[in-house]
Number of protein chains: 2
Amino acid sequence: MDVFTAVAEPSRRTLLDLLADGERSAGELVASLPALTQPAVSRHLRILREAGLVEVRPDGQRRIYTLRPEGLAELDDWLARYRRYWTRHLDSLERHLADTRTPTAERTDQS
Amino acid sequence: MDVFTAVAEPSRRTLLDLLADGERSAGELVASLPALTQPAVSRHLRILREAGLVEVRPDGQRRIYTLRPEGLAELDDWLARYRRYWTRHLDSLERHLADTRTPTAERTDQS
DNA sequence: GGCATATATACGCGTCAACGAATGTACAGT
DNA sequence: ACTGTACATTCGTTGACGCGTATATATGCC
């Protein structure tokens, strides 16, 4: 399943939002989504993993899920084409970039 | 249909990409998607309109569709939460912002 | 009016996604 | 070895989505 479809599902966005706060075990994620059963959450996690949006690490009998945000780059790349059309939050975004850019600041792009 | 679901469909992303180049009549859009019939494209356009991503304007017997990029802000807002986690293309994005920002308010705060 | 063009809607169908229940698998503790 | 816990997978069902065909609703032109 591609990234766009994976992210289209509200429960899966909720899972990503939870993982944005830090890694979580499968059981914790199940507990955070009371509307869904354990198998349903497990299936969503599989889809997110296959889409490259999360990673799993075993910890005894638990599975620890972590966010893999690079997977969202494809979505961001597509959106970049449209970002020039609205000016909302441009300043705050630019400030954010200035704050969070990597210390190494690679400029190995084109140009 | 919400914005995430609307954008999940590849043909609908193609339609938005076409409209990013400028307004198009429904017929032109149909011609640009040879794999689909006219009714199929018309239905996709309806979904995009109901999701707030395009606007229609009548022109005689034609319907002119225009992009409504603010509709993508919801997607961008959600993505903003994750943008801090990956650094890919930050430089190009920043350059892009510097190029396309509104004529007012230059900040030029890059290190 | 009469006919062609442009676009939208109605309908029926096949496919796919998401669900819960049931079951399987693996690890932990005793 | 046995039992419980944590998680994944299978199965069958249901509902939504996307499609093409056929049809409706304009508008334009003669």
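Quick note: numbers below take in every heavy atom, side chains included, and nothing from hydrogens, waters or symmetry partners.
Applying salt bridge (charged side-chain N to carboxylate O under 4.0 Å, His left out) to A/D76 and the options B/R84, B/R83, B/R81 leaves one that passes, B/R83.
Within 3.5 Å, no donor on the side chain of A/E9 pairs with an acceptor on the base of C/dA18, nor the reverse.
Atom CD of B/E50 is separated from atom C1' of C/dT9 by 12 Å (rounded to the nearest Å). A straight line from CG of B/L36 to P of D/dT21 spans 12 Å, rounded to a whole angstrom. The CD1-C1' distance, from B/I47 to D/dG18, rounds to 8 Å in whole Å. Rounded to a whole Å, the CZ atom of B/R43 is 12 Å from the C1' atom of C/dC13. The distance from atom CZ of B/R49 to atom P of C/dT7 is 13 Å, rounded to the nearest whole Å. In this structure, the CG atom of B/L29 is 9 Å from the P atom of C/dT7, given to the nearest Å. Rounded to a whole Å, the CD atom of A/E28 is 17 Å from the P atom of D/dT5. If you take CG of B/L45 and P of C/dT9, they are 11 Å apart, rounded to a whole angstrom.
More than 12 heavy atoms of other residues, nucleotides or ligands sit less than 6.0 Å from atom CZ of B/R13. Within a 6.0 Å radius of CZ in B/R68, more than 12 heavy atoms belonging to other residues, nucleotides or ligands are found.
The residue among A/R63 and A/T37 whose nearest nucleotide of DNA chain C lies closer to the 5′ end is A/T37. For the pair A/R46 and A/Q61, nearest-nucleotide mapping onto DNA chain D gives the more 5' position to A/Q61. Ranked by how close their nearest DNA chain C nucleotide is to the 5' end, A/Q38 and A/D59 are led by A/Q38.
Applying the 4.0 Å criterion to OP1 and OP2 of D/dT5, one finds that A/R62 has every side-chain N and O outside that range. For the OP1/OP2 pair of D/dA8 and a distance below 4.0 Å, the side-chain nitrogens and oxygens of A/Y65 include at least one atom meeting the criterion. Contact annotation: B/H44 side-chain N/O to D/dC17 OP1/OP2 distance is not under 4.0 Å.
For A/M1, the side-chain atoms get nearest to C/dA18 when compared with the rest of D/dA8, C/dA18, D/dC19. Of all nucleotides listed (D/dT9, C/dA6, D/dC17), D/dT9 comes nearest to the side chain of A/P39.
We find the CD-OG distance between A/Q61 and A/S25 to be 11.0 Å, quoted to the nearest 0.5 Å. One finds the OG1 atom of B/T66 at 11.5 Å from the CG atom of B/L53 (value rounded to the nearest 0.5 Å).
As judged by a 4.0 angstrom heavy-atom cut-off over every strand, B/A35 is placed among residues touching the sugar-phosphate backbone only. Heavy atoms of A/S25 sit under 4.0 angstrom from primed sugar atoms or phosphate atoms, though from no base atom.
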